[in-house]
Amino acid sequence: MKKAKIAGVGFHVPENVITNDDLTKYMDTNDQWIQERTGIKERRWVTRGEDTTATLAAKASRIAIERAGIEPKDLDFIVFATLSADYYFPGAGVILQRELGIAETEIGAVDVKTQCTGFIYALSMATQYIETGMYKNILVVGAEVQSMALDLTTRGRGIAVIFGDGAGAVVLQPTEEKGKGILNTKLHADGRYAEKLIMPVPGSHAGYHNDKLETPSDWNFSDARWGNTFINEHMLTNSMIYPYMDGKYVFKMAVTKFPEVTKESLDAEGLEVKDIDLFIPHQANLRISQFVAKRLGLPAEKVWNNIQRYGNTTAASIPIALAEAWEAGKVNDGDLVCLTAFGSGFTWGTALIRW
Ligand code: UT7
């Protein structure tokens, strides 16, 4: 069976830079707290009306497609990882197809919603299509516009300071080169923790899961008077439309699962941590990345971190980091590259690549 290789990479982030000091205009926070706890100095947020998740994705995709030596019309399939699609439905994949000007090709496009692990899941799915021979050119994208779903008051500061917007893309193709390409992908999830990092609205639960929601005590979703709606005025006025995170719990699980799944992936190939040339962890928090690198015994120069400049861009963080590292000459022929993620769901996974 043929392996899948990454034939082109690209990323795009909005021009609009939001520094930590900028955030102090909206909420009680400060540069020192944000840098010490997360490593973030600034992030990019779209300018309303200028970009959407799909348009950011299209900009990143065009770069990846050109670097793969093909044109948009040569694509066979699109896999789009995002938690912040342009619409609640349809998914962002079809909008990206239209933005790339290839709607007439009628190629398939699917969205993947596994949050921070989204790109790993998307890459894994696309890899199977290449390995079976079903498709030859697949666009795999991770993109987010999260700035529009943040509570920019002091109440939301634990989350609002962390997240950023951006997009990264790769083109997958089959490779004949022995030992090269995506060696394996490992995917995991544990739904017992679904409510530890959650945006509950809009959704169909209408209070069904209230016993599992540890969201702020004044959030109540089960009042029958509100009727059968995904979203209503009460939810809007009570800030129930924003993400919630049990940060400490997520942190604790992340630093365990990142190394665990990385080792699982290496073991499957008879490889060791010392064989890794470049480790690209999902950019959740600089402290998490440093903790994981230490636990694995990876030296800092083998770990790519850019959360300082972009914040946590969820499904976009790994493809942005991969494209940036590639542009910096850190990804070379024959290198062993390990992409690892953990996030909401909980979901976690790894893609191990021989470049
Ligand atoms: O990518 C998806 C996965 N996500 C993650 O991996 C995130 C994992 N979690 C984390 O990175 C950390 O838990 C955070 C960075 C989110 C928070 O750091 P923490 O050390 O867990 O802080 P905390 O939430 O326990 O808050 C500590 C204090 C609180 O004040 P009190 O109660 O001690 O007086 C917060 O109210 O810091 C306060 N605080 C802030 N202060 C200034 C929370 N957010 C802010 C803020 N600025 N932005």
Group every Ile, Leu, Val, Met, Phe, Trp and Tyr by side-chain heavy-atom contacts under 4.5 Å, then state whether [X] and [Y] land in the same group.
X      : Y      : value
Ile353 : Val273 : no
Met199 : Phe163 : no
Tyr121 : Ile138 : yes
Ile318 : Ile182 : yes
Ile162 : Ile198 : no

Within the 4.5 Å heavy-atom criterion, are [X] and [Y] side-chain neighbours or not?
X      : Y      : answer
Ser289 : Ile307 : no
Glu327 : Arg67  : yes
Lys59  : Asp51  : yes
Trp45  : Leu150 : yes
Leu152 : Met27  : yes
Pro319 : Val9   : no
Val170 : Phe119 : yes
Leu278 : Trp355 : no

Item to check | Stepwise side-chain contact (heavy atoms from CB on, under 4.5 Å) test for Phe258 and Ile288 | outcome: CA-CA 9 Å; Phe258 268 103; Ile288 293 179; 3.8 Å; yes
What's the shortest heavy-atom distance between [X] and [Y], and which atoms?
X      : Y      : answer
Cys116 : Phe342 : CB-O, 3.4 Å
Ala126 : Val140 : CB-CG2, 3.5 Å
Leu96  : Ala57  : CD1-C, 3.8 Å
Gly334 : Arg354 : O-NH1, 3.0 Å
Ala315 : Ala81  : CB-O, 3.5 Å
Ile276 : Phe279 : CG2-N, 3.9 Å

Salt bridge check, [Y] against [X]: does any charged N sit closer than 4.0 Å to a carboxylate O?
X      : Y      : value
Lys136 : Asp74  : no
Glu176 : Lys2   : yes
Lys257 : Asp190 : no
Lys186 : Glu260 : no

Calculate, to the nearest 0.5 Å, the distance between atoms [atom1] and [atom2] belonging to [X] and [Y] respectively.
X      : Y      : atom1 : atom2 : result
Asn232 : Met240 : CG    : CE    : 7.5 Å
Phe11  : Trp326 : CZ    : CH2   : 11.5 Å
Arg62  : Leu139 : CZ    : CG    : 10.5 Å
Leu271 : Leu336 : CG    : CG    : 5.5 Å
Ile18  : Tyr26  : CD1   : OH    : 5.5 Å
Gln146 : Thr53  : CD    : OG1   : 8.5 Å

A quick test of your reading: do over 12 heavy atoms of other residues, nucleotides or ligands sit less than 6.0 Å from [atom1] of [X]?
X      : atom1 : value
Arg48  : CZ    : no
Phe251 : CZ    : yes
Glu66  : CD    : no
Lys302 : NZ    : yes

Kindly determine whether Ile6 and Val337 satisfy side-chain contact (heavy atoms from CB on, under 4.5 Å), including the steps that lead there.
CA-CA 11 Å; Ile6 293 179; Val337 180; over 6 Å; no
Across all chains, not counting sequence neighbours, the ring-ring contact (aromatic ring centres under 6.0 Å, His included) partners of Tyr193 are Tyr249, Phe346
Could you work out, with ring-ring contact (aromatic ring centres under 6.0 Å, His included) as the rule, every residue matching Phe230, not counting sequence neighbours?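 Expected list: Tyr88.
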For [X] and [Y], indicate whether the former's side chain and the latter's backbone hold a donor-acceptor pair under 3.5 Å.
X      : Y      : answer
Asp111 : Thr82  : no
Glu144 : Ser84  : yes
Asn137 : Asp76  : no
Lys5   : Lys180 : no
Gln308 : Lys41  : no
Arg44  : Gly166 : no
Thr347 : Thr114 : yes
Thr117 : Gly349 : no
Ser124 : Ile120 : no
Thr237 : His234 : yes

Exactly one candidate in Thr19, Thr313, Asn20 meets side chain to side chain donor-acceptor pair (under 3.5 Å) with Arg43; the answer is Asn20
As a test of understanding, state which of Asn312, Thr314, Asn305 forms a side chain to side chain donor-acceptor pair (under 3.5 Å) with Gln283.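 When side chain to side chain donor-acceptor pair (under 3.5 Å) is applied between Gln283 and each of Asn312, Thr314, Asn305, only Asn305 qualifies.
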Would you call the rings of Trp348 and His188 parallel, tilted or perpendicular if under 30° counts as parallel and over 60° as perpendicular?
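Because their plane-to-plane angle is under 30°, the rings of Trp348 and His188 count as parallel.
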Criterion side-chain contact (heavy atoms from CB on, under 4.5 Å) on Ile40 and Gln35, from CA distance to verdict: CA-CA 5 Å; Ile40 300 166; Gln35 285 211 47; over 6 Å; no
Margin query: Pairing donors with acceptors under 3.5 angstrom, does anything connect the side chains of Thr350 and Ser265?
Written below: no
Evaluate the criterion side-chain contact (heavy atoms from CB on, under 4.5 Å) for residue pair Phe291 and Asn285; output intermediate values, then yes/no. CA-CA 10 Å; Phe291 203 98; Asn285 179 323; over 6 Å; no
Which of Val261, Ile280, Thr262 passes side-chain contact (heavy atoms from CB on, under 4.5 Å) with Cys338? Answer is Thr262
